[in-house]
Amino acid sequence: MDLQSADSGIGSPDSQRVAKSAEGKSKKPVENHLNGTPNNVSHKHSSSGHKHHHKSSSSDKHKDPNRHKHGSDKQREHSSAEKIKDPNRSSSEKHSSSKHKEHSSRPKDPNKPSKEHSSKPKEGHHSADKHKHGSEGKQKSSSSGDKHKERHKDGSKHSSDKHKVRKEGSSSSGKPKSGEVRVKTEPGVSQTGSSPTKIVIKKERDGSQPTVKKEPRAADTDDDVPLAMRAQGEKRAHESDSDDEPLAARAEKKKIKKEKPSAEAVARKRKAESDDDDDKPIAKPKPKKKKGKEEKAAPEKGKKKAKKEEVEVWKWWEEGPREEGVKWRTLEHKGPVFAPAYEPLPDDVQFLYDGKVMKLSEEAEEVAGFFGRMLDHDYSTKDVFRKNFFHDWRKVMTPEERKVITNLDKCDFRQMDVYYKEKSEERKAMTKEQKQEIKKQNEAMVEEYGFCTIDGHKQRIGNFKIEPPGLFRGRGDHPKMGMLKKRVRPEDVIINCSKNSVYPKAPPGHKWKEVRHDNSVTWLASWSENIQGSIKYVMLNATSRLKGEKDWMKYETARKLHKCVDRIRAQYREEWKSKEMRIRQRAVALYTIDKLALRAGNEKDSDEAADTVGCCSLRVEHIKLHREHEGKEFVVEFDFLGKDSIRYHNFVAVEKKVFKNLQLFMENKADGDDLFDRLNTTILNKHLQDCMEGLTAKVFRTYNASNTLQQQLKLLTNSEDSVAAKILSYNRANRAVAILCNHQRSVPKTFEKSMSNLQAKIDKKKEDIKKSRKEYKGLKADYKHKRDAKTAGMLERKKKQMERLEEQLMKLEVQATDKEENKEIALGTSKLNYLDPRISVAWSKKWEVPVEKIYNKTQREKFAWALDMADETFEF
DNA sequence: GCCGAGACTTAGTACGCTGCGT
DNA sequence: ACGCAGCGTACTAAGTCTCGGC
């Protein structure tokens, strides 16, 4: 089989990807140089184009009575068909197909108890469609109470649930609802095949591949055929030995061996790092605190600041593991800092309503100001934003104001806008002394509130300032954009600290909501936010032990996956042939998570947030199957909005079995239906947990990112290269990861300009070189005649100069390349969150590239543990 | 066993600061 | 000294995943 190909391929995006934000302007293709292949195919996708793909938005469906019909008919058909196919499905499962309420046309599984009935009809006032399914009607109500999602016993989603989850009005899929999606630019491009790693996809050799259409249930029939497992027993098998049994054979030859090395690795690791992998840090807390004073790496520049660098470094990573579940033993801090009180506008800054001056109450004025200062932002023109703002604004008005102000269009906030702009200008125009003064005050505030003492160590707090009030700026097509984010008062805040510490004092005249002493959590203060009703926390900075340790463990888990990933891959490949739909779906989903580094994709309520998806929540309209695309067979086109409404658009050549399975999953489904209707993140993660302790979907992202970096560094680094060239290689390796993870940024506003500046510099440098060369030649000729020492000296100097210029030119060119390639790729996210810093540290040591070139000061502080423990031999 | 709440990580952007070139 | 590009930081939204209560 194609085990090998699979293995080799995984982890590297062998695909064409066009990544862009929904709103997108077109991005330039990013080339993946890793393997020297242009990775991108330029695909321009305008947001509108994108939208077209998804014709039917969930909202449409909801609204269209026919859809229901359609759904039910389908359901019927589908069910019967499905029964044949998948006897194991429960009736409840049939609903799963559609998260939408109306289509619950999933096949039923006679063996499973139907849950439909259990679903509660909520909110009778919902539209008829929602109720269509009667009892199972799921209403998406925004109220939490209504949000039950129905789940199958096995946890899979009920169609209804999902339905509900998605908001009616929301656009389905990646199509950003009107306008809002993301401010990023368009599609980049993607690339084909450019994955850093080469992927060899083996095609099935069975020769005749029935066309998709022809092959009814291809999966069931052909691939599936006689799978070793019997439906019944299967489950158990999975649970118990799950992977192992069936895979045993395969595993044996391939991986088992691996376990061995892992042992040794473990040993090594243990030695080097105090924690072992398989273990959870349980041991007793060893209060051995070692304090080391260390001088931080000398800053490249500003040596004068060296003294500042001399900080006490607590090498927490040298301490033994601590008690599980206990995050701290003592914790003391001064509490959070609240946003400054509102300063009313001066009298000459007026608000006009319908052309007439109107003096607003303080509260209404403050909120009006929030809007006023956003006047030149896109947000202020969006209907949803305006509507939400106006609604919330009216809530804070006095009854009189409310009576008068009934139309946002008649409101004139321009004076406020001007006023705040002036203030901002003033701030910028302050004298150096004034700025110094402010800086000093800020530093004093950080000194006082920005640190806490935890287990006897002073540690920096990440966000000690409570978020100020303002208008909510959700990303993408967020239904709540523009809502008023209320001012947080001490009475809303819960403080967490040691019982016997000096408690933080609430501001005069106020008191805390609560002071608790919970050492099973890491936060120092929390409050609940009024927009989504979620909790916000004050937590430690990334340089702290609490964060650092967790980060380290994250990479250890990923390394552990590294050791058993072959086995897991072999297993899911085998499962593509399973008789059970849920197993196949799980296996295909896992494949995409592994190969494409997709996020898990929890369900979300579209009333509450933008309609974005991840792997498990993909819907039919998010993929297109191309039997052949640009010379490749079995290409799947992914096009959806992911986290932060960043568009993911990628053409991926997959194995035939995957392709066939996807066809099967899409059968009898319509846009808006779940692609993986028998799967959700809970099910997936439960399965992963069985495969490896501590394994969850996101570990694959970490693993594939780090692994890709390591491979690319090996591939790209050239020992003869200059430091600058090596750094370029590093950045390219980093970039390969960013592309894999789809980390985008909008093109910097000044990009074109700075690029042309750089180009001008390059041109000038070339000019200089030319000139210098000419002079050199002249001198040389001169020297031939004269043969005197003076000319010889000049000649020598000129030669040096030429060399210097050439080197400078080279640097500039490298810089330009790097910049261009990085135009719309954000390297920071992967560097900070996905790449095991020890890989970078080892690389920098091995190639003698100063680590400062790779990590800035903050990053070095965050990764102090890695800087300290990794040497050039570190292997991920 | 399900579900929501809670906790924590991951994410892109706005903006201020720094340092370089002029 | 000034202006500006680029970097770094602050900010906070949006994910993932766990856990506890019903």
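Remember, predicted model here, so these are calculated numbers, not experimental data. A, B, ... follow the sequence lines: proteins, then strands. Residue 1 opens every chain. Values below: every heavy atom of this structure, side chains too, minus hydrogens, waters and symmetry copies.
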Of the candidates B/dG6, C/dA13, B/dG12, the side chain of A/K485 sits closest to C/dA13

Can you find a heavy atom in the side chain of A/K853 that is under 4.5 Å from one in the side chain of A/Y730? no

What does A/K819 touch in the nucleic acid at a heavy-atom separation under 4.0 angstrom: a base, only the sugar-phosphate, or nothing? sugar-phosphate

Nearest whole Å is fine: how far is B/dG6 C1' from A/I494 CD1? 11 Å

Check this for me, if you would: do A/K686 and A/D690 make a salt bridge, where the nitrogen-to-carboxylate-oxygen distance has to be below 4.0 angstrom? no

Nearest-Å distance, CH2 (A/W328) to C1' (B/dA7)? 15 Å

Scan nucleotides 17-22 of chain C nucleotide by nucleotide, 5' to 3', and note B when protein non-hydrogen atoms come under 4.0 Å of the base, S if they reach only the sugar-phosphate, - if neither. BS----

Regarding the side chain of A/K536, the nearest nucleotide among C/dG15, B/dA7, C/dA13 is C/dA13

Ion pair A/E467/A/K486, N-O distance below 4.0 Å: no

Quick check: on DNA chain B, is the nucleotide nearest A/D518 upstream (toward 5') of the one nearest A/Y834, or the reverse? Name the residue that is more 5'. A/D518

Rounded to whole angstroms, how far apart are CG on A/D644 and C1' on B/dT10? 8 Å

Do the side-chain N or O atoms of A/R701 get closer than 4.0 angstrom to the phosphate oxygens (OP1, OP2) of C/dG15? no

Which whole-number value in Å describes the distance from A/M553 CE to B/dC8 C1'? 16 Å

Axis-to-axis angle between the two ends of the helix from B/dG1-C/dC22 to B/dT22-C/dA1 (five base pairs per end, rounded to 10 degrees): 10°

Using the side-chain heavy atoms of A/S746, tell me which of these nucleotides is nearest: C/dA14, B/dT9, B/dT13. B/dT13

Does a nitrogen or oxygen in the side chain of A/H478 sit under 4.0 Å from OP1 or OP2 of C/dA14? yes

Presence of A/K643 side-chain N/O under 4.0 Å of C/dT16 phosphate oxygens OP1/OP2: no

Does B/dA5 have its OP1 or OP2 closer than 4.0 Å to a side-chain nitrogen or oxygen of A/S534? no

To the nearest angstrom, the CE-C1' distance between A/M481 and C/dA13 comes to 13 Å

Looking only at non-hydrogen atoms, find the nearest pair between A/L484 and A/N530 and report the distance. O-ND2, 2.9 Å

Taking side chain to side chain donor-acceptor pair (under 3.5 Å) as the definition, give me every residue that meets it alongside A/E422, ordered by chain and number, with sequence neighbours left out. none

Base, sugar-phosphate, or nothing: which does A/G828 touch, judged by heavy atoms less than 4.0 Å apart? nothing

Restricting to side chain to side chain donor-acceptor pair (under 3.5 Å), what partner residues turn up for A/N602, sequence neighbours left out? A/T681

Taking any heavy-atom pair under 4.0 Å as a contact, classify A/K327: base, sugar-phosphate, or nothing. sugar-phosphate

Would one find more than 12 heavy atoms of other residues, nucleotides or ligands at under 6.0 Å from atom NZ of A/K421? yes

When the aromatic ring centroids of A/F464 and A/H333 are compared, is their separation below 6.0 Å? no

With DNA chain B as reference, determine whether A/T522 or A/R599 sits nearer its 5' end, using the nearest nucleotide of each. A/T522

Heavy-atom pair of closest approach, residues A/D518 and A/W328: O-CZ2, 3.3 Å

Counting only heavy atoms not in A/K765 (residues, nucleotides, ligands), do more than 12 fall under 6.0 Å from its NZ? yes

Work out which heavy atom in A/R487 is nearest to a heavy atom in A/D492; give both atom names and the distance. O-OD2, 4.1 Å

Collect all protein-nucleotide pairs involving nucleotides 7-11 of chain C in which both atoms are nitrogen or oxygen and the distance is under 3.5 Å.
| from | atom 1 | to | atom 2 | distance (Å) |
| --- | --- | --- | --- | --- |
| C/dT9 | OP1 | A/T858 | OG1 | 2.5 |
| C/dT9 | OP2 | A/T858 | OG1 | 2.3 |

Within the sub-3.5 Å range, which N or O atoms of nucleotides 15-17 of chain B have a protein N or O partner, and how far apart are they?
none

First of A/M755 and A/T612 reached from the 5' end of DNA chain C, by closest nucleotide: A/M755

Listed nucleotide nearest any side-chain atom of A/H743, set B/dC8, B/dG12, B/dA14: B/dG12

Let me spell it out: for each of A/F472 and A/F751, pick the nucleotide of DNA chain C with the closest heavy atom. Which residue's pick is nearer the 5' end? A/F751

Any heavy-atom pair between the side chains of A/K643 and A/T612 that's under 4.5 Å? no

What integer distance in Å separates A/F700:CZ from C/dT16:C1'? 15 Å

Pair A/E425 + A/K428, salt bridge at N-O below 4.0 Å: yes

Give the rounded distance in Å between these two atoms: CG of A/N833 and P of C/dT16. 14 Å

Please find the pair of heavy atoms, one from A/M692 and one from A/T557, that lie closest to each other, and give the distance. CE-O, 3.7 Å

Taking the side chain as C-beta and beyond, is there a heavy-atom pair between A/V699 and A/K560 under 4.5 Å? no

With a cut-off of less than 4.0 Å, is there a side-chain N or O of A/K550 near OP1 or OP2 of B/dA7? no

Any donor-acceptor pair under 3.5 Å linking the side chain of A/D551 with the backbone of A/K547? no

Candidates B/dG12, C/dA13, B/dA7 - which lies nearest the side chain of A/I646: B/dG12

If I take atom CD in residue A/Q532 and atom P in nucleotide C/dA14, what distance separates them, rounded to the nearest angstrom? 6 Å

